[in-house]
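Numbers here are sequence positions counted from 1. Small disclaimer: the values here were computed from a predicted structure and weren't measured.
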Amino acid sequence: MGLFARAHADSLSHSSAPRANAIAWLRMATALLLGFAVLALPSNPAALARVFPPNLPLEILGLAVAALLLPGKVFRVLRAFATALFATILFLKLADLGTGSAFQRPFNPYLDLKIMTDGWNLLSGSIGRAEAAAFVSGAILLWLALSAVFFWALGGFRSPGRPTALGLAAAAALTLLAGLATMSMEARAVPVSADVAPYLTNRIAMIRQSVADLAAFETELKSDPAASLPPDQRLSRLAGTDVVFIFVESYGRSAIEDGQYAPRVATRLSRMAQEVAAAGLQARSGWLTAPTVGGLSWLSHGALLSGLWTDSQARYDRMIASERPTLNALFRQAGWHTTAIMPAITMDWPESGYFGYDTIRDASGLGYRGKPFNWVTMPDQYTLSAFQKMDREGANKTVMAEIALISSHAPWTPIPTLVDWDKIGDGRIFDEQAVSGDPPSVVWSDPARIREQYLASIDYALETLGSYISRYGDNTLFVILGDHQPASVITGEGASRDVPVHIIGSPAMIEQLSSWEWSEGLVPASSLAPMRMDLFRERFLRTFSGPA
């Protein structure tokens with residue numbers, strides 16, 4: 001009986017050996033393919049189109065040889081370390097692709113983790129909370145699942161098929177190395193690379209640079225070039241004049257100079273210039289270089305108003321905690337009533353205390369009772385109409401306003417159209433417009449359609465501004481600028497960070513800008529050198545300050 005049982009067991013062992021070997025080979029192949037895919041995955045969106053033929057990462061060969069040769073206890077350490085490295089690189093590369101598409105820069109763990117909440121707000125506002133939750137949950141589950149599969153697959157290197165695998169792997173590795181040694185770099189059919197160490201080293205260097213940058217920022221905070229202006233002379237040349245700073249969402253240099261958008265925008269700016277002239281006003285235009293691109297508009301607001309280069313969330317947070325007076329605060333000290341018109345603010349805004357506003361009108365405080373335009377809470381025309389009624393009509397003080405116009409914010413659908421200013425009321429007149437057109441899911445399935453909708457939104461924003469200025473522009477100085485360039489899906493790769501800026505006011509006011517050498521009218525010359533956005537504050541203060 002014992003002999004029969006032993007024979008039966010040997011029979012089962014021999015019959016199951018091929019199956020065990022096949023599973024082992026499947027697991028090893030899965031581990032190598034997953035590792036290859038993650039290491040070959042580009043971290044730059046522009047490189048996705050050039051991913052084939054991919055490099056053969058040398059780390060994959062090293063992992064295979066180590067997994068086959070190392071003793072059991074050491075292998076378990078290797079398996080855990082390799083899985084952690086796999087998960088980290090996969091996360092960083094996916095994050096790089098996300099920030100590269102949105103902001104045209106790699107992901108910085110030290111600076112960017114704090115903006116994930118803002119990314120969620122944008123995504124959920126664009127495609128819906130349920131859809132956004134499904135997308136984010138799916139991405140997290142996929143990341144965890146791939147990491148788990150990689151860990152499981154590595155176990156195949158310790159399977160019963162290991163001796164055969166060792167011989168075959170050694171032969172394959174020697175053959176590959178021999179072939180590479182005898183071929184020139186140009187003749188290699190399979191290019192190789194070793195990118196893990198440089199990739200992670202560069203990320204660590206990025207974090208160290210960010211820490212050093214914040215230390216340098218502390219030095220910048222100690223020196224305010226506008227502090228030398230006597231307090232009683234600051235902004236004296238604007239006395240009795242309302243001053244309105246208007247940030248136009250995603251209004252970048254590409255809107256004026258890119259051939260896809262330039263003809264229509266040029267036509268709109270020409271009509272706007274006619275309206276400005278008919279109102280007895282003049283304009284000068286130039287270029288500013290924004291500290292951000294594709295999003296994070298508050299960085300541009302902070303740079304322009306504080307005179308500090310806030311090109312990261314960390315710098316912005318430190319600015320908020322500083323005593324550097326913003327343009328808003330300086331206008332307030334000089335006797336203006338300062339107000340913020342922020343239709344995109346839908347939650348608590350603790351940072352607002354830094355800027356120096358007398359009143360803050362967020363999305364709920366602007367009195368809009370109409371339907372939202374997807375992420376956009378209200379159309380630009382309503383925003384300007386509410387500002388006019390709430391802060392300018394019957395005011396007993398001159399007003400300094402900071403206004404954010406957001407109709408040109410993604411997802412760029414639907415696009416509002418102008419209505420009679422006298423019929424705007426509480427905004428319900430826009431309800432039919434708010435449910436018109438295709439949903440974002442349709443628009444965003446076609447890159448050409450995205451660009452078409454973007455262009456229409458910029459055209460609408462400029463049309464609205466021209467109409468408002470011609471109607472309500474008396475005794476007012478307007479500073480109109482883009483907050484940043486839109487994402488690369490609109491501009492293409494390699495676009496600058498420049499945005500147009502227009503200053504519109506009475507001839508006497510505009511005459512004071514003669515030393516700036518900006519272009520007359522609303523189209524800045526391409527040859528004009530851009531000015532960094534943080535430098536605008538000092539130049540503006542010195543221009544409009546002086547003896548009474």
Side-chain angles (χ1 to χ4, degrees), residues 243-257 261 265 268-269 272-273 276 281-311 326-328 331 340-344 355 380 383-384 387 400-409 457-466 468-469 473 476-486 491 495-505 509-510 513 516 518-519 521-525 528-541 543-544:
V243 181
V244 182
F245 286 79
I246 300 176
F247 290 85
V248 180
E249 174 66 38
S250 298
Y251 179 37
R253 185 166 188 155
S254 295
I256 291 179
E257 294 191 339
Y261 317 116
V265 173
R268 176 58 60 196
L269 288 174
M272 187 175 170
V276 166
L281 306 175
Q282 292 183 359
R284 295 289 184 276
S285 297
W287 304 109
L288 298 178
T289 299
T292 183
V293 63
L296 310 181
S297 303
W298 56 90
L299 301 183
S300 291
H301 287 240
L304 186 94
L305 298 169
S306 72
L308 295 165
W309 187 241
T310 50
D311 63 342
T326 63
L327 276 175
N328 318 76
F331 269 101
I341 310 297
M342 298 292 168
F355 286 94
D380 291 345
T383 300
L384 293 174
F387 162 62
M400 182 273 177
E402 175 192 351
I403 302 176
L405 297 184
I406 60 172
S407 287
S408 49
H409 194 291
S457 73
I458 292 295
D459 185 64
Y460 164 76
L462 295 175
E463 180 185 17
T464 303
L465 283 168
Y468 177 81
I469 291 170
T476 307
L477 183 75
F478 295 93
V479 179
I480 301 169
L481 68 153
D483 55 1
H484 53 69
Q485 283 263 53
T491 64
S496 75
R497 292 195 172 195
D498 297 344
V499 298
V501 55
H502 316 291
I503 301 182
I504 301 171
M509 290 292 177
I510 299 303
L513 302 173
W516 292 31
W518 280 10
S519 301
L522 295 172
V523 180
L528 279 178
M531 178 170 60
R532 216 169 65 173
M533 197 172 278
D534 59 315
L535 302 179
F536 180 89
R537 170 180 173 270
E538 180 186 3
R539 193 171 191 180
F540 184 87
L541 283 171
T543 297
F544 292 106

Taking atom [atom1] of [X] and atom [atom2] of [Y], what is their separation to the nearest 0.5 Å?
X: Tyr251; Y: Leu465; atom1: OH; atom2: CG; result: 9.0 Å
X: Ile510; Y: Ile504; atom1: CD1; atom2: CD1; result: 8.0 Å
X: Met533; Y: Ser306; atom1: CE; atom2: OG; result: 11.5 Å
X: His484; Y: Arg497; atom1: NE2; atom2: CZ; result: 11.0 Å
X: Ile469; Y: His502; atom1: CD1; atom2: NE2; result: 9.5 Å
X: Thr464; Y: Asp380; atom1: OG1; atom2: CG; result: 5.5 Å

What pairs with [X] under ring pair (Phe, Tyr, Trp, His ring centres under 6.0 Å), at least two apart in sequence or on another chain?
X: Phe544; value: Phe540
X: His301; value: Phe247
X: Trp518; value: Trp516
X: Tyr468; value: Trp421, Tyr472

Begin from the C-alpha positions of Val243 and Thr476 and carry the test side-chain contact (heavy atoms from CB on, under 4.5 Å) through to its verdict.
CA-CA 6 Å; Val243 181; Thr476 307; over 6 Å; no
For [X] and [Y], work out which heavy atoms get closest and say how close.
X: Phe355; Y: Gly302; result: CE2-CA, 4.5 Å
X: Thr289; Y: Pro530; result: OG1-CB, 3.5 Å
X: Leu299; Y: Thr310; result: O-OG1, 2.7 Å
X: Leu522; Y: Ser285; result: CA-OG, 3.2 Å
X: Leu304; Y: Arg537; result: O-CB, 3.5 Å
X: Gly466; Y: Met272; result: CA-CG, 3.8 Å

List for me each residue that meets salt bridge (charged side-chain N to carboxylate O under 4.0 Å, His left out) alongside Asp483, sequence neighbours excluded, and say none if there are none.
none
Just jot down the salt bridge (charged side-chain N to carboxylate O under 4.0 Å, His left out) partners of Arg253, sequence neighbours excluded, or say none.
Glu257, Asp498
Taking the side chain as every heavy atom from C-beta outward, state whether [X] and [Y] have any atom pair closer than 4.5 Å.
X: Phe245; Y: Leu327; result: yes
X: Val248; Y: Ile480; result: yes
X: Val523; Y: Val265; result: no
X: Leu477; Y: Ile503; result: yes

May I have the step-by-step check of side-chain contact (heavy atoms from CB on, under 4.5 Å) for Phe536 and Leu541, ending in yes or no?
CA-CA 8 Å; Phe536 180 89; Leu541 283 171; over 6 Å; no
side-chain hydrogen bond (donor to acceptor under 3.5 Å, both in side chains) partners for Asn328, two or more places apart
Thr326, Glu402
Who pairs with Ser300 by side-chain hydrogen bond (donor to acceptor under 3.5 Å, both in side chains), at least two apart in sequence or on another chain?
none
Please identify each residue that fulfils side-chain contact (heavy atoms from CB on, under 4.5 Å) with [X], with sequence neighbours left out.
X: Thr383; result: Ile341, Pro343, Met378, Ile403, Leu405
X: Asp534; result: Ala303, Trp309, Arg532
X: Ser519; result: Ala525, Leu528
X: Ala344; result: Trp375, Ile406

Look only at the side chain of Ser407 and the backbone of Ala461, and say whether a donor-acceptor pair between them is shorter than 3.5 Å.
no
Does Ser254 offer a backbone N or O that forms a donor-acceptor pair with the side chain of Thr491 under 3.5 Å?
no
Side chains of Gln485 and Ser250, donor plus acceptor under 3.5 Å:
no
